[in-house]
2 protein chains.
Amino acid sequence: MKLRETFTCPLELTHDMLKGKWKPIILWRLRLGKTTLAQLERDIDGITQKMLLEHLKELAAFGFVDKEVSGGYPLKTSYFLTRPQGERVLAALTIMQEIGIDYMKEHGMEEPLRERGLL
Amino acid sequence: MKLRETFTCPLELTHDMLKGKWKPIILWRLRLGKTTLAQLERDIDGITQKMLLEHLKELAAFGFVDKEVSGGYPLKTSYFLTRPQGERVLAALTIMQEIGIDYMKEHGMEEPLRERGLL
DNA sequence: CTGGATCCCGAATGATACTG
DNA sequence: CAGTATCATTCGGGATCCAG
């Protein structure tokens, strides 16, 4: 994922950093606290390990998440949001979540909302 | 621009709606009020009429912007943010703008910020 | 003629599947 | 978990078309 070199406004930079199909969900899931790779893979429906790793790596490069490796056996790595950077995007994502919910309500997509207990 | 059919959370929907290289800037520029196509083209550095039109169309389809056509001479169409939908994303974009500014500060990219009076 | 909008096409980028 | 191949989508250019 490349950042554009020329831009009109810093907003575009952030947009580039959050670009990609899975980045928002990963961050969103991470708002619940530190987790392992395997757990993320289970929680995020449809994602492959490869995509997860790839996007986590980019998010880490931009300073939104960080990882922690426990040197024991078995080797275990946990991912978590950084502060303040990572927690800061959450605010933006929260608004997007609300917009998404409203959009679904207005388009007769209430079923999926109910199923997830978001209504 | 297609919305994915299956998703884990409404957030992903919004992310899809804002996807695309120019959408955030267009919305950001529109926060200043109603403008014409030609003016947007002038204000947004590097965008072509085609890209502008394409993205405006999608933003309109998702209900973030709307347009108004004055049938006079010369033919003139104006675009503006809808309420509350369009104005609502601004809140999210504002946060992203701040994150972008901070990111630039921490990476020695203060020059471009100064040039734009953002510092 | 002028500004707005669409169409077609190649190049670049992203996503997924498959493999070791 | 990394590498490669393939498929889908996006970007950007330019030509073209439509309406007053």
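FYI, side chains are in, hydrogens and waters are out, and symmetry mates aren't considered; it's all heavy atoms of this structure. Quantities reported herein were computed from a predicted structural model and do not represent experimental measurements. Here is how names work: the chains are called A, B, and so on, in the same order as the sequence lines, proteins then strands, and each is numbered from 1.
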Please tabulate, one pair per line, all N/O donor-acceptor pairs under 3.5 Å involving side-chain atoms of residues 21-28 of chain B, not counting sequence neighbours.
unit_1, atom_1, unit_2, atom_2, d
B/Lys23, NZ, B/Lys19, O, 2.4
B/Lys23, NZ, B/Glu58, OE1, 2.7

Can you get from B/Leu75 to B/Leu37 by hopping between Ile, Leu, Val, Met, Phe, Trp and Tyr side chains that sit under 4.5 Å apart? no
Grab the NE2-P distance between B/His15 and D/dT10 for me, whole Å please. 12 Å
Got a sec, which pairs hit ring-ring contact (aromatic ring centres under 6.0 Å, His included) with one end in residues 80-103 of chain A, sequence neighbours left out? A/Tyr103-A/His107
For DNA chain D, which residues of residues 20-30 of chain A approach it to below 4.0 angstrom with any heavy atom? none
Rounded to whole Å, please give me the gap between CD in B/Glu5 and P in D/dA8. 13 Å
Atom CG of A/Asp16 to atom P of D/dC11: distance rounded to whole Å? 11 Å
Counterpart residues, side-chain contact (heavy atoms from CB on, under 4.5 Å), relative to A/Lys57 (two or more places apart): none
Donor-acceptor under 3.5 Å (B/Glu12 side chain, B/Cys9 main chain): yes
Which residues in residues 33-51 of chain A have a heavy atom closer than 4.0 Å to any atom of DNA chain C? A/Lys50, A/Met51
Grab the CG-C1' distance between B/Leu18 and D/dT10 for me, whole Å please. 16 Å
Any donor-acceptor pair under 3.5 Å linking the side chain of A/Thr14 with the backbone of B/Gly100? yes
Can I get a per-line list of side-chain donor-acceptor pairs under 3.5 Å for residues 82-97 of chain B, giving both atom names and the distance, sequence neighbours left out?
unit_1, atom_1, unit_2, atom_2, d
B/Thr82, OG1, B/Gly63, O, 2.7
B/Thr82, OG1, B/Phe64, O, 3.1
B/Thr82, OG1, B/Gly86, N, 3.1
B/Arg83, NH2, B/Glu87, OE2, 3.1
B/Arg88, NH1, A/Asp102, OD2, 2.7
B/Arg88, NH2, A/Asp102, OD2, 3.3
B/Thr94, OG1, B/Leu90, O, 2.7
B/Gln97, OE1, A/Leu11, N, 3.1

Enumerate the residue pairs fulfilling salt bridge (charged side-chain N to carboxylate O under 4.0 Å, His left out) with a member in residues 28-42 of chain B, sequence neighbours excluded, ordered by first and then second residue. B/Arg29-B/Asp43, B/Lys34-B/Glu68
Taking B/Lys76's backbone N and O only, do any of them form a donor-acceptor pair with B/Ser70's side chain (distance below 3.5 Å, no angle check)? yes
Partners of A/Asp66 by side-chain hydrogen bond (donor to acceptor under 3.5 Å, both in side chains), sequence neighbours excluded? none
The first and last nucleotides of DNA chain C lying within contact of chain B, meaning any atom under 4.0 Å from one of its heavy atoms, run from C/dG3 to C/dC8
Would a single hydrophobic cluster contain both A/Phe62 and B/Met109, if residues Ile, Leu, Val, Met, Phe, Trp and Tyr are joined by side-chain heavy-atom contacts under 4.5 Å? yes
Please tabulate, for the side chains in residues 110-119 of chain A, all donor-acceptor contacts under 3.5 angstrom to protein atoms that are two or more places apart in sequence or on a different chain.
unit_1, atom_1, unit_2, atom_2, d
A/Arg116, NH1, B/Phe7, O, 3.2
A/Arg116, NH2, B/Phe7, O, 3.1

Quick one, which residues of residues 53-65 of chain B touch DNA chain D with a heavy atom under 4.0 Å? B/His55
For B/Leu40 versus B/Leu56, what's the shortest heavy-atom pair and its separation? CD1-CD1, 4.1 Å
Atom CZ of A/Arg4 to atom C1' of D/dT10: distance rounded to whole Å? 13 Å
